[in-house]
Number of protein chains: 4
Amino acid sequence: MSKIDKRQAVLDAALSLFVANGFHATSTASIAKQAQVATGTLFHHFPTKDKILAALFLSIKTKFADDIHQQNFDGDNLKQDAQNLWQRAIDWALDHPLQQQFFVNFSMSADIPAQTRKVAMHDTLGFIVQLLTQGQQQGLIHDYPIDLMLENCHGQYLAAIRFFTDHPHKGDDPRYRQVSFELFWQAIATA
Amino acid sequence: MSKIDKRQAVLDAALSLFVANGFHATSTASIAKQAQVATGTLFHHFPTKDKILAALFLSIKTKFADDIHQQNFDGDNLKQDAQNLWQRAIDWALDHPLQQQFFVNFSMSADIPAQTRKVAMHDTLGFIVQLLTQGQQQGLIHDYPIDLMLENCHGQYLAAIRFFTDHPHKGDDPRYRQVSFELFWQAIATA
Amino acid sequence: MSKIDKRQAVLDAALSLFVANGFHATSTASIAKQAQVATGTLFHHFPTKDKILAALFLSIKTKFADDIHQQNFDGDNLKQDAQNLWQRAIDWALDHPLQQQFFVNFSMSADIPAQTRKVAMHDTLGFIVQLLTQGQQQGLIHDYPIDLMLENCHGQYLAAIRFFTDHPHKGDDPRYRQVSFELFWQAIATA
Amino acid sequence: MSKIDKRQAVLDAALSLFVANGFHATSTASIAKQAQVATGTLFHHFPTKDKILAALFLSIKTKFADDIHQQNFDGDNLKQDAQNLWQRAIDWALDHPLQQQFFVNFSMSADIPAQTRKVAMHDTLGFIVQLLTQGQQQGLIHDYPIDLMLENCHGQYLAAIRFFTDHPHKGDDPRYRQVSFELFWQAIATA
DNA sequence: TATGAATGAGACTTCATTCAT
DNA sequence: CATGAATGAAGTCTCATTCAT
């Protein structure tokens, strides 16, 4: 197993254990064990337990943004763009249950430094800002303060995947998914 | 100091310390010290550290619901009712900074048993369900599934107070507060 | 419930809890609870937890000696006397399972002061010494040092009731009971 | 100091402290201190304080059985074999005062799981069963149930070393030692 | 005499991190 | 770079005992 492999193995193990038991209830020893790595090795790759969590947070947020953002938008139909975006985000969450749960549990966790959260927010959710700004210019989205709207969008997204986490079978129901988007869109749309 | 007083002193101390340092970074010894109570006394009132958090959560949620709900509604103007409710909720959060921060930090915390969260949600936020249902009957609110809407409302409220926590002076700005309500209302309203 | 009643209730509760969980694993609070008495009351009757154990030990040893010793001996047939004594002792243990278990667990416990043990031994087992001495004078029992024989008798008795504790149904089998006496008697008898 | 050394140092420290103060009156901290080891190290080798006691019990019982059993028997003279065995057992106890005291105090302790006691009994004292069985086949030992005789032998042995513990100088007196064997042998022998 | 809330020392155990191999 | 035994500070919780009511 190469160096990169072991580092990744640690992150993978940490993800499942953090989600299953929480950050503080997960010992570095248990992470190392599940990663099939010695404790010492774990601390070769991450100077601190906190850094594992931060690295995990950033890597998942980045992966999420990449996967969601990779497809082009049709600038002519903003609502359709927004809907595609929303559905892809929901799909991603449903396709990545551990990561979804990680979002739900740790997006607002005090265990992740505010700075890290802020960086991740702006780096990975920047395209949402673009979408909101563009919509405002086209008169399709309310001319509300961007920062407040961004927080609101984030909150609605978390609420949606939290809901689908608590009611797994409803995640397959197109109606629920459509409704979750409608709530989101109506909140910010002018018409 | 009476029995009730000491119990309450523990809860008060726990509130400020949990908010300031987080649940796991707060030791039971520090809670007892700040409450001016012996460690043994703390465990005389609460069998477990976890139970302190749960009791705190329930007591704050109950207090919140009582304070918000105490005023009568004008059944004839649902939007106005909703707005009054929303503004009172925001006011309450701004008037109770510790409790507000507690909500932001712990509403979704894995440290609070899902069961406790569910009980608090249904017992104390039942009147929101009533408002949504009434609105649906009057055709003012979309006929979406109640459970999904409730989760969405909760998410938007948390986002709002999170925003006002991060930008304290904007909490005094009526425009921001109005916008936060408009986002909420538009999400669920039919017109 | 009178004063005596409460004192006895504490002793009764202590007996069952000490036997079930051991001395250190039994809290004074649990004793008070099972005795339906307040903790404070418990400490009105016994200055210390240790004293409860000591009082219990003495009271059981005394009861045992009284019950065993109450019947007269037929001085003409020492072996028969010894057998009667042994059977009554075994019967007593089988009829008083809690007390039996208490003997097995605490007769040699370091939690009971050596002094208390010694006093109980000599006060309550004095008639065994009489029996041994008498037997020696009649030439029926080996002329071995009394103290060593007494220790040996005690050890055999404990072994016997330990055995019947571990194999409850064998306590009803006359053959096993007879054998346990034969072992005891042959050890000390001359013929 | 190697890994094995530290583990053994913990066991050695535990032995002397348990014997001196009893199990519950001995803190893990004091064991670690006397073993010149960190608390964490203690728990690195033993998951629990209880397991230290159990490990100690097994290791001493095993050592005892090995030391006693190492010499060959003269199958032609069973009583002589038994006597040799008994004397070696008494010698062993007198030569290992801490272990002797440990036997006296903990052989019947409720702090050692019944299962552990049973395992130790059968695994390490199996050769006693052999001796008893062989004696029965030769008609030298009563045809009593083996399990009851084994318990009786154990009880007599404990009584003997208890006696020699309480009266140290009598342990050097051949007469007392001879008597202790005679009691044991007569109990089980046919003639 | 009876009560039970209050006490605080001390017990066991965990765990992030280090470092010699 | 990898290992895992060792560390010891710190945490949660227990419990015999006291004392004001």
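Here is how names work: the chains are called A, B, and so on, in the same order as the sequence lines, proteins then strands, and each is numbered from 1.
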Does A:Leu11 reach the side chain of A:Phe46, with side-chain heavy atoms less than 4.5 Å apart?
yes
Parallel, tilted or perpendicular: which fits the ring planes of B:Phe64 and B:Phe103, with parallel below 30° and perpendicular above 60°?
perpendicular
Would B:Lys49 pass as a cation-pi partner of B:Phe23, given that its NZ or CZ must be under 6.0 Å from the six-membered ring centre and within 45 degrees of the axis?
yes
Expressed as a whole number of angstroms, how long is the span from B:Leu17:CG to F:dG11:C1'?
15 Å
F:dT12, E:dG8, F:dA9: which one has an atom nearest the side-chain heavy atoms of B:Lys49?
F:dT12
Using a heavy-atom cut-off of under 4.0 Å over every strand shown, decide if C:Thr26 touches base, sugar-phosphate, or nothing.
sugar-phosphate
Opposite nucleotide pairing with F:dT14, Watson-Crick or G-U, both atom distances under 3.5 Å:
E:dA9
Can you see if the side chain of C:His45 gets near the phosphate of E:dA2 - specifically, an N or O under 4.0 Å from OP1 or OP2?
yes
Starting at atom CG of C:Leu53, determine the distance to atom P of F:dA16, rounded to an integer number of angstrom.
12 Å
Nearest-Å distance for atom pair NZ/P, residues C:Lys33 and F:dC15
13 Å
Mapping C:Phe23 and D:Leu42 onto DNA chain F by nearest heavy atom, which one lands closer to the 5' end?
D:Leu42
Go ahead and name the base partner of F:dA20; Watson-Crick or wobble counts if both distances stay under 3.5 Å, otherwise write none.
E:dT3
First of C:His44 and C:Ser27 reached from the 5' end of DNA chain F, by closest nucleotide
C:Ser27
Between D:Asp50 and A:Pro47, who's closer to the 5' end of DNA chain E by nearest nucleotide?
D:Asp50
Without decimals, in angstroms, what is the distance between A:Asp5 CG and F:dC1 P?
14 Å
If pairing requires Watson-Crick or G-U wobble contacts with both distances under 3.5 Å, which nucleotide is the partner of F:dA9?
E:dT14
Out of F:dT17, F:dG8, E:dT7, which has the shortest distance to the side chain of B:Thr41?
E:dT7
Do A:Leu158 and A:Met108 make a side-chain contact, defined as non-hydrogen atoms from C-beta onward lying under 4.5 Å apart?
yes
Write down the distance between CD1 (C:Ile31) and C1' (F:dC15), rounded to a whole number of angstrom.
11 Å
Is the phosphate of F:dT3, meaning OP1 or OP2, less than 4.0 Å from a side-chain N or O of A:Lys6?
yes
Check this one for me: any side-chain N or O of A:Thr28 less than 4.0 Å away from OP1 or OP2 of E:dA16?
yes
Heavy-atom closest pair, residues B:Leu98 and B:Val19
O-CG2, 3.5 Å
Want to settle it: does D:His24 or C:Ala38 sit nearer the 5' end of DNA chain E, counting the closest nucleotide to each?
C:Ala38
Please tell me which of the listed nucleotides, E:dG8, E:dA6, F:dT17, lies nearest to the side chain of C:Thr48?
F:dT17
Atom-pair distance (CG on C:Asn21; C1' on F:dC15), nearest Å:
15 Å
Between P of F:dT14 and CZ of B:Phe46, the distance in whole Å:
15 Å
Rounded to whole Å, CD of D:Gln36 lies from P of F:dA5 at a distance of 21 Å
For A:Gln100 and A:Ile161, the nearest pair of non-hydrogen atoms, with its separation, is NE2-O, 3.2 Å
Picking from F:dT12, E:dT13, F:dG4, the nucleotide nearest the side-chain atoms of B:Phe43 would be F:dT12
